[in-house]
Amino acid sequence: MNSPATPAPRATTRRKRGEGQWALGYTEPLNKNEQSKKDDNPLNVRARIINIYSKRGFDSIDPADLRGRFRWMGLYTQRAPGFDGGKTATLEEEELDDRFFMMRVRSDGALLSADALRALGRVGTEFARDTADVTDRENIQYHWIRVEDVPTIWEILDEAGLDTLEACGDSPRPFLGSPVAGVAEEEIIDGTSALEEIKRRYLGDPAFSNFPRKFKTALTGHPGHDVSPETNDVSFVGTVHPEHGPGFDLWVGGGLSTNPMLAHKLGVWIPLDEVPDVWEGVASIFRDYGYRRLRSKARLKFLLADWGKEKFREVLETEYLKRELVSTPSPEVPVRPADHIGVHRQKDGKFYIGLAPTVGRVSGTILTALGDLVEEYGAAGARLTAYQKIVVLGVDADQVEAFLDAAAAIGLDGRPSNWRQNTMACTGIEFCKLAIVDTKDRGRDLIASLEQRVPDLDVPITVNINGCPNACARTQVADFGLKGQLVLDEHGEQVEGFQVHLGGATGLHANFGRKLRAHKVTSAGLDDYITAVVTAYLDEREPDESFATWVVR
Ligand code: SF4
């Protein structure tokens, strides 16, 4: 599904040396990350955290565990306070490390009960200085975690059926599932059982714990393609085969960051009960044939760019599945992906309600309060979304208005403005060691300003704010994709700012935003810039002309 305007990673077919592919015999580690994984399976760090590090404290942690294997347990050191992104000082890697951790809890598209929400809230309030963010990988991410507290946190999460296992690292990262699986009236197929089975079979399995790099999975049976399937390494997308009925279309090789690529459709139809086997096949190709020599070329998209989708399908069928897959026509693609914000009728007559925290920021207090609301209103529970939002399921018709008011009172808006609904922000300089600029506070202020300055929008316009080129908040596929970097202000001074990518999208018009050299903006000037561009669009557009179309006029 690469559009003509999509820059694909450069082909490397005339490679002079090996790329570190295990299947071709390159088993000697070619960089320090590969060496570290060979020295000890990263999954083993769990026992050391429980038995040694949590008892002896931060200074007892082996550096190879601290900066490597801890990630397989969903733990990164957070940014040391005071480091300014290199503006006035360049610090060594060790000096960037705070003595506290970011911790990611994976939800994998599961329904979070009232008790699970309260458990997540308790971790935030008791162990994370009341921090908690909803990430665009359907995680809850905490900050200020001490290694001494990790075993207790794991016990609390485990009782609620939650975990941090392989939430980071070169592993099966958290799965994106449809937030409305099983309840949406328009659903093609409910993929919940397949995601649960993939998790049961492969999460924590040493055979799938050492990929060349991260491996991202998405699965949805909703026609609104609500899990950003274009940007995942492997995606299963609901479709109806003309003869075989509902199942999943298989997309592979999506990924953003540098050398972004939209996922390619392999043109095969996968029945629900075969999804886990096919996931294993794709994951195995990545493990065995993925490039391990350079970290910058280690994502699946580089292999796919070199092989092409025909060879990828052939290897999947002949070497891994040992059978031919059923070909399928391309599924219909929605004009825009569904984010499920607002009130929607379920197939059982109840309602689901999509709530918008501001740029994904919640807190332990809010999660606990949400758990209490879910119980008080007899709702089924909540799911997280790929857009840093929360959907509460199973609200009775006569409770909807009261629930909306109660959710708004705890900071979760079910009737948000365009800007609150469609703005995301990554972690940014507050906690992320790779960040160049602030994102979350910038996003909050930007939303407040745009709600005043451009209050009446009749089309959705998305803003994705990223603190560096890594595109954790999907820089390239937003109307305004913002990549954090230092820019020059009007006095020629280097200040925080953004390179703008204009007019990107997923869905029917999936494409990367245009990176215009002139469109660099200081953080302080961001709301002026967006106001000016959107106002020009509203003034100049033809009837039904989208923002992305207007941008390339
Ligand atoms: Fe950190 Fe960059 Fe990712 Fe933002 S995009 S969370 S700054 S690595």
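Just so you know, ligand 1 is whichever comes first in the structure, and atom 1 is the first atom listed for that ligand. In this chain, residues are counted from 1 in sequence order.
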For [atom], the protein heavy atom that lies nearest, with its residue and separation:
atom	result
atom 3 (Fe) of ligand 1	C472 SG, 2.3 Å
atom 2 (Fe) of ligand 1	C468 SG, 2.3 Å
atom 4 (Fe) of ligand 1	C426 SG, 2.3 Å

Is the closest side-chain heavy-atom distance between V521 and V487 below 4.5 Å? no
Looking at side-chain heavy atoms only, is the closest gap between T77 and M102 below 4.5 Å? no
Pull out every atom of ligand 1 sitting under 4.0 Å from any heavy atom of [X], numbered as shown with elements.
X	value
A435	7 (S)
L434	8 (S)
G467	4 (Fe), 7 (S)

Residue portion contacting ligand 1 (non-hydrogen atoms closer than 4.0 Å) for A471: backbone
How are the rings of H143 and F431 set to each other: parallel, tilted or perpendicular (split at 30° and 60°)? parallel
Taking every non-hydrogen atom, the tightest pair across T506 and P337: OG1-CG, 3.3 Å
Cationic N near anionic O, under 4.0 Å, D339 to K389: no
Kindly confirm whether atom 2 (Fe) of ligand 1 is within less than 2.8 Å of some N/O/S atom in C432? no
Rounded to the nearest 0.5 Å, what separation is found between the CG atom of D479 and the NE2 atom of H501? 14.0 Å
